[in-house]
Trainee: 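What follows is a structure written as structure tokens; I'll ask about it next.
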Amino acid sequence: MSTIIRTARFSTTLRHRPALLALTTRPCLALSKVPGHFQNFHDSSQKKIIGDVRSQIPQVTTQHIPESVAAPQDISSTEFSSAHLKAYSASELLSYLIMGLCTVNKTILNLCIKVFPYVPIPVIKALVYKIYCGGETFDQVRKTGARLSDRGIHNMMLSLTIEACDGNDKVDPDSIVSQTRQSVRDILIPHTESIINTSGKDINSIPPGYVALKPTGFSHDAANVLRYYNANPKYAAMFDELVERASSICQEIYDANSKFALKYPNRTAPLVVGVIDAEKHDLQEGVYELQRRLYAKFNPKNKPVSVVGTLQMYLAGSSDLLAMEERLAAEHGYRLGLKLVRGAYIHSEKDRSVIHKTKEDTDKNYNQGITYCLESILAHQGNTSVIGHLVVASHNAESLSLTTRKLAEPVYASNSNKSNIVLGQLMGMADNITYNLIKEYKIDNVIKYVPWGPPLETKHYLLRRLEENGDAVKSDNGFPLVKAVVSEMMARFKSVLL
């Protein structure tokens, strides 16, 4: 099926076919054809084309989603499932008990958010660090990977939690690049190959390893670089340096995948994937440009995807953006890798006009987006589709149910492209749902997002998780978690006495 036809089908679902067909006829963006150079999607003469094109597409409405998308069967039980707690150590149970108490109600949660910045790092490390963070050193992260694997979570998305944004400009971007490349070589590649060789599972059942690439970690004054890369010569030069730093990591990934494809010719998915993390909305134009340059260089046709970009589906224009990204990839001969998130910055976006008006609108838009990507990938065999890899990054049982039901359809039973669709949750969050996916629904393609790095930086990460995902923390923790943890502790105590 041609991309133009598929794009038209997507827009028909959104009830905007005429606008999107008009989009496909607009002049393509200027690209550098110099071998070995990045394709530049925003040259000086056409720097506003993408924004102009997007502004001409009507706002997406999401009220006419098929029933199968809007209301899939819930994979989680109506009661809080505590079975996953049996695998946790006593110290981990204590950490979950503390988090449950912190999220009993909104008042206590808000109090914890206010107090958290003043809690000493040693206290945080002793009480909650282990369940949310992978460690400070490579050796600690390796042990975290092994621990997750013992629980059926066969891979992870590593994130070095250092960024030069919001006033933190005391970082060394080159050091971040060096540590990130080393984490690919010394952690993700050996871990993934070990799981493939020892799990006894089909080679296409093991998810890739992922490394999150935070754009604000690859440059000093990163926020301004991402904002003004196309308007200021100084920031344009710094942006090119930022791209080169990200490229050096992606080159490491691409080379590993090329060798891996020769070693395991029956595997469809890549060995390791670089994932460009999203930023706040006012920085996203720079992030989108970074993603497109990396796609063009490291995601060639007919090869596994090495670079995945992030789309935040709480943004009102995200469906239009998805359609446009697919069109650009088809026109310029590269493949798309996508991580779809609802949006971690939804509580901190200053311009509320850029996001959907209701949570229901965001949920429908998210489910519609992942459905489109799922069908795009599963309509092909092997690495031939334009949209080549999808990470469904969600704690939402409805969205995860939608994905698992699609993958379980008999028509896709022998489609190895299923290995290019992966479910991901943050380490320490939605663990009951992760457990149900693995143990009850026999889903192999599940990963956890594992932040690691200096304690001060991971403290900032934990605070953002409370601030930006407070609703999610409350819904899968709170009193049900307290009750479940106490019950598990009592059961263990009784077993010791007996």
Side-chain angles (χ1 to χ4, degrees), residues 29 31-42 155 157-160 173 176-178 180-185 188-189 192 207-215 217-219 239-264 267-278 286-311 325-339 373 376-377 382-391 417 419-422:
L29 304 178
L31 297 178
S32 168
K33 297 298 183 180
V34 180
H37 285 68
F38 287 109
Q39 297 181 344
N40 187 347
F41 289 82
H42 283 85
N155 230 321
M157 184 182 295
L158 297 183
S159 176
L160 179 58
I176 292 174
V177 170
S178 177
T180 303
R181 292 182 63 177
Q182 188 177 353
S183 72
V184 172
R185 291 193 303 267
L188 286 180
I189 293 176
T192 305
Y210 297 83
V211 59
L213 308 180
K214 191 75 173 170
F218 295 144
S219 177
F239 183 77
D240 287 342
E241 293 176 356
L242 184 155
V243 174
E244 288 293 340
R245 291 187 179 106
S247 176
S248 69
I249 300 171
C250 294
Q251 187 69 58
E252 186 99 30
I253 292 168
Y254 180 82
D255 292 343
N257 285 332
S258 297
K259 295 177 182 177
F260 187 74
L262 296 175
K263 186 175 182 180
Y264 298 97
R267 182 174 168 92
T268 301
L271 170 71
V272 62
V273 179
V275 181
I276 311 303
D277 265 354
V287 177
Y288 296 145
E289 174 70 7
L290 169 65
Q291 291 178 173
R292 291 174 190 130
R293 295 192 191 186
L294 297 177
Y295 291 152
K297 188 170 184 179
F298 298 110
N299 289 352
K301 288 182 176 180
N302 302 314
K303 288 189 177 182
V305 163
S306 292
V307 176
V308 161
T310 301
L311 294 186
E325 294 291 0
E326 183 183 27
R327 178 182 66 86
L328 289 173
E331 287 180 356
H332 302 304
Y334 59 82
R335 307 185 72 209
L336 279 184
L338 295 171
K339 180 183 73 169
C373 293
S376 299
I377 295 171
N383 289 297
T384 59
S385 56
V386 175
I387 300 178
H389 197 88
L390 174 66
V391 178
N417 259 348
S419 63
N420 276 312
I421 299 164
V422 175

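Note that the coordinates shown come from a computational prediction; the quantities given were computed from them, not determined experimentally.
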Trainee: With side chains defined as the heavy atoms from C-beta onward, is the minimum distance between Asn299 and Ser306 less than 4.5 Å?
Mentor: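 Yes - at least one pair of side-chain heavy atoms lies under 4.5 Å apart.
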
Trainee: When rounded to the nearest 0.5 angstrom, what is the spacing between OH in Tyr295 and CD1 in Ile276?
Mentor: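 Going from OH on Tyr295 over to CD1 on Ile276, the span is 8.0 Å.
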
Trainee: Among all residues two or more places apart in sequence or in another chain, which pass the salt bridge (charged side-chain N to carboxylate O under 4.0 Å, His left out) test with Arg181?
Mentor: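 Arg181 satisfies salt bridge (charged side-chain N to carboxylate O under 4.0 Å, His left out) with Glu252 only.
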
Trainee: Could you tell me the separation between the CG atom of Asn420 and the CG atom of Leu390, rounded to the nearest 0.5 Å?
Mentor: 9.5 Å

Trainee: Looking at every non-hydrogen atom in both residues, tell me the closest pair between Ser183 and Val211 and how far apart they are.
Mentor: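 So the two residues come closest at OG-CG2, 4.2 Å.
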
Trainee: Measure the spacing between CG of Leu311 and CD of Glu325 and express it to the nearest 0.5 Å.
Mentor: 6.5 Å

Trainee: Answer yes if the side chains of Tyr254 and Lys303 hold a donor-acceptor pair under 3.5 Å, and no otherwise.
Mentor: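 Yes - a donor-acceptor pair under 3.5 Å links their side chains.
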
Trainee: On a heavy-atom basis, which atom in Ile387 and which in Ile377 lie closest, and how many Å separate them?
Mentor: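 Looking at all heavy atoms of both residues, the shortest contact is O-CG1, 3.1 Å.
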
Trainee: Might you point out which heavy atoms bring Pro215 and Leu242 nearest each other, and give the distance in Å?
Mentor: O-CD1, 3.6 Å

Trainee: So Asp240 and Glu244, side-chain contact (heavy atoms from CB on, under 4.5 Å) or not? Walk me through it.
Mentor: CA-CA 6 Å; Asp240 287 342; Glu244 288 293 340; 5.6 Å; no

Trainee: By the definition side chain to side chain contact (heavy atoms under 4.5 Å, CB included), identify the one residue from Leu336, Leu338, Val391 that meets it with Cys373.
Mentor: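 Of the listed options, the one satisfying the test is Leu338.
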
Trainee: Over all heavy atoms of both residues, which pair between Leu213 and Cys250 is shortest? Give the atoms and the distance, please.
Mentor: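 So the two residues come closest at CD1-SG, 3.9 Å.
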
Trainee: Supply the atom-to-atom distance Arg185 CZ to Ile189 CD1, rounded to the nearest 0.5 angstrom.
Mentor: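 Reported to 0.5 Å precision, the distance equals 8.5 Å.
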
Trainee: Check side-chain contact (heavy atoms from CB on, under 4.5 Å) between Pro207 and all other residues, then give those that pass, not counting sequence neighbours.
Mentor: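 In terms of side-chain contact (heavy atoms from CB on, under 4.5 Å), with neighbours along the sequence ignored, Pro207 is linked to His154, Asn155, Val422, Ile447.
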
Trainee: Identify the residue among Val307, Leu328, Leu294, Val305 that makes a side chain to side chain contact (heavy atoms under 4.5 Å, CB included) with Tyr334.
Mentor: Leu328

Trainee: What is the distance from atom CD1 of Ile253 to atom CG of Leu188, rounded to the nearest 0.5 Å?
Mentor: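 Ile253 CD1 to Leu188 CG: 8.0 Å, rounded to 0.5 Å.
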
Trainee: Once you round to the nearest 0.5 Å, how far does CG of Leu290 lie from CZ of Arg245?
Mentor: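 CZ of Arg245 is found 12.5 Å from CG of Leu290.
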
Trainee: For the side chain of Arg335 and the backbone of Ser385, is there at least one donor-acceptor N/O pair under 3.5 Å apart?
Mentor: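 It does hold such a pair.
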
Trainee: Tell me the closest heavy-atom pair linking Ser247 and Lys297, and the distance in Å.
Mentor: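 Looks like OG-NZ, 3.7 Å.
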
Trainee: With distance as the sole test, does Arg267 use its side chain to make a donor-acceptor pair with the main-chain N or O of Pro270 at under 3.5 Å?
Mentor: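 It does hold such a pair.
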
Trainee: Not counting sequence neighbours, which residues clear side-chain hydrogen bond (donor to acceptor under 3.5 Å, both in side chains) with Asp277? List them please.
Mentor: Lys339, Tyr449

Trainee: Do Val287 and Thr310 have side chains that get closer than 4.5 Å, going by heavy atoms?
Mentor: no

Trainee: Can you give me the closest heavy-atom contact between Pro208 and Thr192, atom names plus distance?
Mentor: C-OG1, 4.5 Å

Trainee: Ring-plane angle category for Tyr264 and Phe260, please: parallel below 30°, perpendicular beyond 60°, tilted otherwise.
Mentor: tilted

